[in-house]
Amino acid sequence: MRKTTSKMWAAAAGVTGIALLATACSSGSGDNTSDDSTGGENITLTVATFNEFGYTEDMFKAYEESHPGITVKEKKAATSNEARENLNTRLAAGSGLSDIEAVDTDWMPELMQYPDKFVDLTDPALEGRWLDFKTAAVTTPDGKLLGYGTDFGPEGIAYRGDLLEAAGLPKDREAVATLIKGKDNSWDDYFAAGKEYQAGGGGAWFDSAGAIWQGLIYQEKAPYEDPKTNEIIAADNPRVKEIYDQVVQAAVTDNLSAHLSQWSDDWTASFQTNGFATMLAPGWMLGVIEGNSAGVTGWDLADVYPGGAGNWGGSFLTVPEQGAHPKEAKELAAWLTAPEQQVQAFLNKGTVPSQVDGLKDPKFTGAVNAFFNNAPTGEILANRGQGIISTYKGPNFFAINDAMQSALTEVDVNKGNPDEQWNTFITAVNALG
Amino acid sequence: MATSTTSPQLNRGGPTDPGRTPRRVGFSQTLGRWDVKLSPYLYISPFFILFALTGLFPLLYTAFVSLHDWNLIGGKGEFVGFENYTYVLQQPNFWKGIRNTFSIFFISTIPQLILAITIAAMLDANLRAKTFWRMGVLLPYVIAPVAVSLIFGKLFADQSGIINTLLGKVGVDPIGWHAQVLPSHIAIASMVDFRWTGFNTLVFLAAMQAIPRDLYEAAVLDGANRVRQFFSVTVPMLRPTIIFVVITSTIGGLQIFDEPRLFDQVGQGGPSRQWMTATMYIYEVGWGNQKSFGRASAVAWILFLIILIVGIINFSITRRISSDESSKKARKKVVR
């Protein structure tokens with residue numbers, strides 16, 4: 001009798017153990033409801049960011065003081081890719097996201113396909129706060145606003161004054177800007193300046209054909225897809241082929257490129273070996289250049305950009321629909337993206353404000369960068385932020401751009417045949433359709 | 001195992017039975033009968049339930065997903081039958097992935113096993129500071145693959161890498177480690193070998209120390225030198241271990257992901273997919289621009305079938321070798 005019961009106990013324990021194991025899988029979904037019980041009293045809002053947004057504890061404390069009952073926590077992901085993976089996975093799972101999720105310009109378009117997963121942030125009071133191209137990128141065809149702009153990436157030309165001088169070219173900021181501007185500030189003028197540099201004994205003019213491609217393609221309104229139908233037009237769009245030929249001509253035929261792939265180890269090392277004289281530089285790139293160029297002097301930033309203006313990078317704050325406190329989250333997102341906070345973020349980490357008033361703020365325009373020969377970077381980047389056009393990015397934009405970048409790397413870095421690689425690009429594009 | 005636990009239970013039940021029968025007939029006895037019949041299944045069930053949850057369910061669910069139009073964020077779409085499979089099989093990148101996987105697998109595994117067995121033989125000899133050397137070979141295994149990839153990425157950089165600089169000193173033209181197919185595979189294979197050779201060395205070493213020493217004494221008496229001893233005593237005695245190591249490195253090799261993904265900063269396996277492996281292709285299809293879980297699952301299933309086929313080949317080789325051994329034993333008996 002006793003033995004039977006003890007065995008029964010064992011069996012019962014085994015059964016409950018298994019049952020626990022089976023239910024353990026489903027208990028994860030209960031997590032996000034824990035905040036609900038607190039009602040409107042004490043709310044914790046989480047803000048998920050990546051890299052460096054320039055937000056500090058002091059900023060959050062100031063918000064907590066003016067909004068009693070609200071606690072703000074920042075969750076930082078190390079890289080943009082990590083944040084993207086986290087966001088995608090948890091959007092798919094339907095739970096586990098922060099109240100506010102930061103989204104990179106690069107992967108905003110893929111989220112724009114799922115407007116139902118995000119709270120509409122439209123607010124008449126905030127109209128006109130951001131640069132037009134910034135708002136256009138997060139507005140759905142039916143007028144929903146899915147994100148508030150944080151920073152953006154206006155580009156100037158970073159250059160090595162010492163290398164230019166050695167090749168008999170001017171060295172100071174204004175003269176270099178005039179040189180690159182040439183007759184009509186076109187890309188051809190920029191390339192012509194490169195030829196002049198090489199005629200004077202200089203080496204490579206720019207770092208990578210892929211970077212130049214980004215510069216050119218982001219000055220097109222709708223290079224790859226039809227904005228109305230999302231039909232892929234990259235293969236038939238004559239501009240794509242023209243730009244391809246122009247970039248290949250400059251990088252390979254005229255040999256202006258240093259034949260590096262951006263972010264590769266060779267690219268990083270080339271900063272130490274005078275690998276190239278100029279590069280397209282958004283605000284956040286200045287920190288990268290400084291980091292890679294330890295011990296190198298001579299970097300400077302010219303207030304000029306071929307074709308007028310271009311944007312590279314930048315982010316948004318979004319409020320996922322699955323959050324427990326969409327109203328409070330929206331309010332916090334609006335506060336964080338207000339010009340005052342963004343200017344403070346710029347002073348912390350160099351993220352250029354995408355707010356019209358932020359760009360005029362004297363604290364921003366007065367900023368000077370000692371590494372870049374004391375260039376007035378704030379003023380230059382504010383000037384460079386004028387006239388950026390909005391490039392239409394549909395669902396396939398990045399797949400197409402990836403295929404083009406691959407083709408250009410083969411041609412520029414690996415000495416591939418340009419015609420062959422163009423055909424590879426076309427094949428890849430057709431496979432998407 | 002199962003038989004040894006059930007039989008004592010029956011024995012224990014035996015002597016109590018006669019005493020109990022007259023007093024109580026009914027539920028407790030039914031319970032006892034259930035106990036005898038069900039308990040064994042309950043005791044072994046955790047394994048099967050765990051297997052069903054973590055092994056079988058993902059396998060079947062992946063098959064289910066692979067038959068649908070399934071977006072990473074959008075979720076389940078329409079049932080499309082085998083459309084995902086036909087799409088994937090028509091993609092040149094898929095075949096590049098299969099080619100690269102097998103190429104990297106062969107280039108890494110063969111030298112690795114030869115190297116591991118040689119190092120193990122050296123460590124098996126009478127060395128000073130044995131433990132030091134033995135721990136030394138395991139050191140690379142402790143380093144995270146990501147760190148290994150970062151270091152090797154710098155070594156194998158096309159223009160600024162040390163390896164091309166050294167080759168230049170000997171008069172060899174720089175090799176496009178990130179540009180051409182075969183050199184990139186060799187570079188990645190060297191990373192894999194750096195990490196896994198030490199581990200396999202220790203497995204071999206353990207097996208070598210289990211070889212009876214009198215075999216070597218007999219060989220020495222017969223006048224065999226060290227090399228002859230290695231090939232005629234050590235290697236034949238290691239056969240089952242070699243098979244084990246081959247199988248584990250097959251599974252690892254066909255699923256290789258970390259090293260090739262981190263070989264450059266883009267992580268797509270090269271501009272022309274020079275070193276993109278099959279698992280990287282799954283990742284690209286599922287989490288990259290397409291976000292198609294359906295197609296990614298289809299690739300996963302094809303890869304599963306490929307590994308299964310390679311596994312069956314391995315299994316048949318194992319069986320042949322084990323039967324070789326039994327025939328040898330039989331021969332020995334005849335000789336005696």
Side-chain angles (χ1 to χ4, degrees), chain A residues 1 3-5 7-8 10-11 14-15 17-18 21-22 25 81 84-85 87-89 91-92 94 110-111 113-114 117 258-270 272-273 275 395-402 405-411 413-416 421 424 427-428 431-432, chain B residues 9 12-13 16 20 23-24 28-29 31-32 34-36 38-39 42-43 45-46 49-50 52-54 57 70-75 87 90-93 150 153-161 164 176 178-180 264-268 270-274 284 286-291 293:
Chain A
M1 186 60 203
K3 266 174 191 161
T4 333
T5 42
K7 253 182 266 166
M8 280 308 295
V15 170
I18 289 153
L21 220 154
C25 304
N81 275 344
R84 173 176 174 260
E85 273 161 34
L87 184 59
N88 278 338
T89 315
L91 266 190
E110 60 190 32
L111 300 174
Q113 299 168 61
Y114 310 102
K117 304 261 182 192
H259 308 298
L260 298 163
S261 152
Q262 276 198 326
W263 312 110
S264 71
D265 289 313
D266 283 337
W267 180 78
T268 311
S270 69
Q272 295 290 336
T273 54
N396 284 306
F397 186 90
F398 281 95
I400 299 168
N401 207 45
D402 254 7
Q405 287 291 349
S406 294
L408 281 172
T409 306
E410 279 295 335
V411 173
V413 183
N414 298 342
K415 303 181 179 66
Q421 289 304 323
T424 312
T427 317
L432 290 169
Chain B
Q9 273 175 356
R12 245 181 273 143
T16 51
R20 224 172 22 155
R23 273 202 298 131
R24 274 200 197 194
S28 67
Q29 203 186 16
L31 271 184
W34 285 358
D35 181 24
V36 171
L38 286 178
S39 304
L42 270 178
Y43 289 142
S45 62
I49 288 169
L50 265 184
L53 278 178
T54 62
F57 171 71
W70 199 298
N71 186 283
L72 172 65
I73 297 171
Y87 170 87
Q90 282 165 4
Q91 293 303 303
N93 278 354
L150 283 177
K154 283 216 165 18
L155 292 179
F156 282 105
D158 289 15
Q159 292 180 21
S160 58
N164 271 349
H178 289 78
Q180 289 152 309
D264 74 352
Q265 273 67 15
V266 186
Q268 289 181 329
S272 297
R273 306 297 188 264
Q274 285 95 328
E284 189 188 318
W287 284 265
N289 295 315
Q290 299 189 16
K291 285 208 188 58
F293 261 22

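No experiment lies behind these values; they were computed from the predicted model shown. Each chain gets a letter, A, B and so on, in the order the sequences are listed, and its residues count up from 1.
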A.B. asks: Just give me the residue among A/Ala399, A/Gly416, A/Ser270 that pairs up with chain B most often, heavy atom to heavy atom, under 4.5 Å.
C.D. replies: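 Most heavy-atom pairs within the cutoff with chain B belong to A/Ala399.
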A.B. asks: Name the region of A/Lys117, side chain, backbone, both or neither, that has any atom closer than 4.5 Å to a heavy atom of chain B.
C.D. replies: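 Just the side chain, heavy atoms under 4.5 Å.
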A.B. asks: For chain A, find which of B/Leu150, B/Leu38, B/Asn71, B/Val266 contributes the most heavy-atom pairs closer than 4.5 angstrom.
C.D. replies: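 Looking at each option in turn, the highest pair count goes to B/Asn71.
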A.B. asks: Could you walk me through whether B/Gln268 and A/Asp402 satisfy the side chain to side chain donor-acceptor pair (under 3.5 Å) test, starting with their C-alpha distance in whole Å, then the side-chain angles of each, then the deciding distance to 0.1 Å, before giving a yes or no?
C.D. replies: CA-CA 10 Å; B/Gln268 289 181 329; A/Asp402 254 7; 2.7 Å; yes
A.B. asks: Using every non-hydrogen atom in the two residues, find where A/Thr409 and A/Ser261 come nearest and quote the distance to one decimal.
C.D. replies: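 Looks like CG2-CB, 4.2 Å.
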A.B. asks: Tell me, for A/Asn396 versus chain B, whether the close heavy atoms (under 4.5 Å) come from the side chain, the backbone, both or neither.
C.D. replies: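 It is neither, since no heavy atom gets under 4.5 Å.
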A.B. asks: Can you tell which part of A/Phe398 gets under 4.5 Å to a heavy atom of chain B, answering side chain, backbone, both or neither?
C.D. replies: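 For A/Phe398, the contact with chain B is made by backbone and side chain together.
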A.B. asks: Quick one: are A/Asn414 and B/His178 in side-chain contact, heavy atoms under 4.5 Å?
C.D. replies: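 Result no, sub-4.5 Å side-chain heavy-atom pair not found.
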A.B. asks: Just wondering, do A/Leu260 and A/Val413 contact through their side chains at under 4.5 Å, heavy atoms?
C.D. replies: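 With C-beta onward as the side chain, the pair stays apart.
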A.B. asks: Taking the side chain as C-beta and beyond, is there a heavy-atom pair between A/Glu85 and A/Asn88 under 4.5 Å?
C.D. replies: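 Side-chain contact under 4.5 Å: no.
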A.B. asks: Side chain, backbone, both or neither: which part of B/Gln180 has a non-hydrogen atom closer than 4.5 Å to chain A?
C.D. replies: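 Contact with chain A: none, neither part.
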A.B. asks: Report which part of B/Gln90 has an atom under 4.5 Å of a heavy atom belonging to chain A: side chain, backbone, both, or neither.
C.D. replies: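 B/Gln90 has no heavy atom closer than 4.5 Å to chain A.
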A.B. asks: Taking only Lys NZ, Arg NE, NH1 and NH2, and the carboxylate oxygens of Asp or Glu, determine whether B/Glu284 and B/Lys291 approach each other closer than 4.0 Å.
C.D. replies: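 Between B/Lys291 and B/Glu284 there is no salt bridge, as every charged N stays at least 4.0 Å from the carboxylate O atoms.
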A.B. asks: With a 4.5 Å cut-off on heavy-atom pairs, point out which of B/Gly161, B/Gly176, B/Gly153, B/Ser272 contacts chain A the most.
C.D. replies: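 Most heavy-atom pairs within the cutoff with chain A belong to B/Ser272.
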A.B. asks: Quick check on B/Asn93 against chain A: is it the side chain, the backbone, both or neither that has a heavy atom closer than 4.5 Å?
C.D. replies: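 Contact with chain A: none, neither part.
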A.B. asks: Name the region of B/Phe156, side chain, backbone, both or neither, that has any atom closer than 4.5 Å to a heavy atom of chain A.
C.D. replies: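 No part of B/Phe156 comes within 4.5 Å of chain A.
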A.B. asks: Please flag which part of A/Leu408 lies under 4.5 Å from any non-hydrogen atom of chain B: side chain, backbone, both or neither.
C.D. replies: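 Neither part.
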A.B. asks: With a 4.5 angstrom heavy-atom cut-off, which part of B/Asp158 approaches chain A: side chain, backbone, both or neither?
C.D. replies: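 Contact with chain A involves both backbone and side-chain atoms of B/Asp158.
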A.B. asks: We want to know whether B/Gln274 and A/Glu410 form a side-chain donor-acceptor pair, criterion being a heavy-atom distance below 3.5 angstrom.
C.D. replies: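 Checked: B/Gln274/A/Glu410 side chains pair up, N/O donor to acceptor below 3.5 Å.
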A.B. asks: Look at atom CH2 of B/Trp34 and say whether more than 12 heavy atoms of other residues, nucleotides or ligands are closer to it than 6.0 Å.
C.D. replies: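 At most 12 heavy atoms, drawn from other residues, nucleotides or ligands, come within 6.0 Å of this atom.
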